[in-house]
Number of protein chains: 2
Amino acid sequence: MNQAQRLDATFAALADPTRRAILARLATGEASVGELAGPFAMSQPAISKHLVVLERAGLISAGREGQRRPRRLEAGRLAEAARWLEQYREFWEARFQSLDVLLAEMQAPGLSARARGKKRK
Amino acid sequence: MNQAQRLDATFAALADPTRRAILARLATGEASVGELAGPFAMSQPAISKHLVVLERAGLISAGREGQRRPRRLEAGRLAEAARWLEQYREFWEARFQSLDVLLAEMQAPGLSARARGKKRK
DNA sequence: CAGTTGTATAACCATTTGATTATGCATTGA
DNA sequence: TCAATGCATAATCAAATGGTTATACAACTG
């Protein structure tokens with residue numbers, strides 16, 4: 001699985017509130033399927049299918065403890081997704097409106113602040 | 001649209017390589033639909049549908065410039081997604097394996113390193 | 001061994017998604 | 001004004017998604 005495919009699977013897995021809630025629960029520690037299903041008005045098989053999605057995305061893994069299959073968070077793919085988003089940090093940090101950039105803008109009206117913003121730093 | 005719904009839409013929009021490529025292109029500056037469609041072996045209507053997905057997720061916006069509808073990146077929702085992921089940063093930073101935490105672990109075997117890790121800092 | 005519990009899997013269904021082709025509609029330019 | 005350009009929209013389709021119920025199965029429990 002290449003990076004694009006991993007990001008596909010990661011973001012798709014995160015695009016569901018039930019699955020995000022499962023991850024939030026697992027952030028507090030391991031949990032069995034039954035414990036994970038508890039809070040939801042949803043059948044156990046439905047939760048199991050969500051767990052399959054999360055596991056295939058590499059976001060969780062399953063242990064074996066008697067007849068339970070406790071899941072735990074695997075944060076590597078979350079880190080990869082966060083790194084991908086970081087690419088765009090400069091676009092939301094609004095540093096393009098900082099004074100020096102405005103001044104540069106006035107000196108070189110042909111270039112957009114964004115374009116020059118990327119070159120800076 | 002509440003935060004859960006915004007995250008649903010944002011992550012779903014990001015779960016497609018074509019749409020991520022479109023965002024990457026827009027990070028270099030505005031672009032028309034034709035310019036965005038160029039690199040892809042895909043029909044123009046297909047690209048327009050991807051743009052609808054991105055716009056409904058609030059990730060891009062459309063201008064009007066004669067008969068062109070240039071799209072530009074709107075990074076606010078990316079920032080929100082990044083903030084959501086940051087919740088999990090501690091889980092991938094592996095600082096739970098740092099020496100001081102290991103030592104604390106040996107002194108208080110009943111608590112998981114993770115649980116104490118959350119309290120630290 | 002038999003029953004119960006925890007979980008997975010199968011079959012099914014409705015909805016959504018991602019693509020296509022065909023077409024419509026402004027806007028530009030000759 | 002008329003053709004070309006840029007883009008949107010509609011109709012259609014196959015595949016994926018997210019849920020259900022029914023069932024299978026493995027592991028504890030009496």
Side-chain angles (χ1 to χ4, degrees), chain A residues 1 4-26 29-74 77, chain B residues 1 4-26 29-73:
Chain A
M1 197 154 55
Q5 293 172 318
R6 290 194 303 272
L7 289 172
D8 287 357
T10 299
F11 286 130
L14 296 180
D16 182 283
T18 300
R19 290 193 292 262
R20 289 197 305 274
I22 289 172
L23 293 178
R25 167 64 186 79
L26 292 178
E30 292 192 343
S32 69
V33 175
E35 288 162 354
L36 291 171
F40 298 103
M42 197 181 293
S43 66
Q44 168 264 312
I47 298 295
S48 279
K49 285 175 75 174
H50 282 302
L51 294 175
V52 167
V53 172
L54 288 167
E55 190 162 3
R56 296 229 254 131
L59 291 166
I60 66 174
S61 62
R64 166 64 72 144
E65 197 177 281
Q67 64 190 133
R68 308 190 175 199
R69 309 291 310 276
R71 299 319 206 268
R72 64 181 170 286
L73 190 59
E74 295 289 342
R77 295 294 162 82
Chain B
M1 195 154 55
Q5 293 171 319
R6 290 194 303 272
L7 289 172
D8 286 357
T10 299
F11 286 130
L14 296 180
D16 182 284
T18 300
R19 289 193 292 261
R20 289 197 305 275
I22 287 172
L23 293 179
R25 167 62 185 81
L26 292 179
E30 292 192 343
S32 68
V33 175
E35 288 162 354
L36 291 170
F40 299 103
M42 196 180 296
S43 66
Q44 169 264 313
I47 298 295
S48 279
K49 286 177 74 174
H50 282 303
L51 294 176
V52 167
V53 172
L54 289 167
E55 189 162 3
R56 295 229 255 131
L59 290 166
I60 65 174
S61 62
R64 165 64 71 145
E65 198 177 280
Q67 63 189 134
R68 309 190 174 198
R69 310 291 311 275
R71 300 321 205 267
R72 64 182 170 284
L73 191 58

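Numbered from 1 within each chain, the chains take letters A, B, ... in sequence-line order.
- In this structure, I22(B) and F40(B) approach most closely via the heavy-atom pair CG1-CE1, 4.1 Å.
- Where E65(A) and R19(A) meet DNA chain D, the nucleotide closest to each residue was compared, and R19(A) sits on the side nearer the 5' end.
- Between the C1' atom of dT17(D) and the CG atom of D16(A) lies a distance of 10 Å, rounded to the nearest Å.
- Every residue two or more places apart in sequence or in another chain that forms a side chain to side chain donor-acceptor pair (under 3.5 Å) with S48(A) is listed here: Q44(A).
- Of all nucleotides in DNA chain C, those with any atom nearer than 4.0 Å to a heavy atom of chain B start and finish, going 5' to 3', at dG18(C) to dT28(C).
- No donor-acceptor pair closer than 3.5 Å links the side chain of R77(A) to the backbone N or O of T10(A).
- The distance from atom CZ of R72(B) to atom CG of L59(B), rounded to the nearest 0.5 Å, is 13.5 Å.
- With R20(B) contributing its side chain and A4(A) its backbone, the two residues share a donor-acceptor pair below 3.5 Å.
- DNA chain D is contacted by M42(A), S43(A), P45(A), A46(A), K49(A), H50(A) of residues 39-59 of chain A, taking any non-hydrogen atom closer than 4.0 Å.
- Counting to the nearest Å, the C1' atom of dC7(D) and the CZ atom of R71(B) are 8 Å from each other.
- Side-chain nitrogen and oxygen atoms of R64(A) include at least one within less than 4.0 Å of the OP1 or OP2 phosphate oxygen of dA27(D).
- Between the CG atom of L36(B) and the P atom of dA8(D) there is a distance of 10 Å, given to the nearest Å.
- Checked by atom type and distance alone, the side chain of R6(A) pairs as donor or acceptor with a backbone atom of M1(A) at under 3.5 Å.
- By the neighbour-count criterion of 12 heavy atoms within 6.0 Å, atom CZ of R68(B) is sparsely surrounded, having that number or fewer from other residues, nucleotides or ligands.
- Put simply, the side chain of R71(B) never gets that close to the backbone of A31(B): no donor and acceptor are under 3.5 Å apart.
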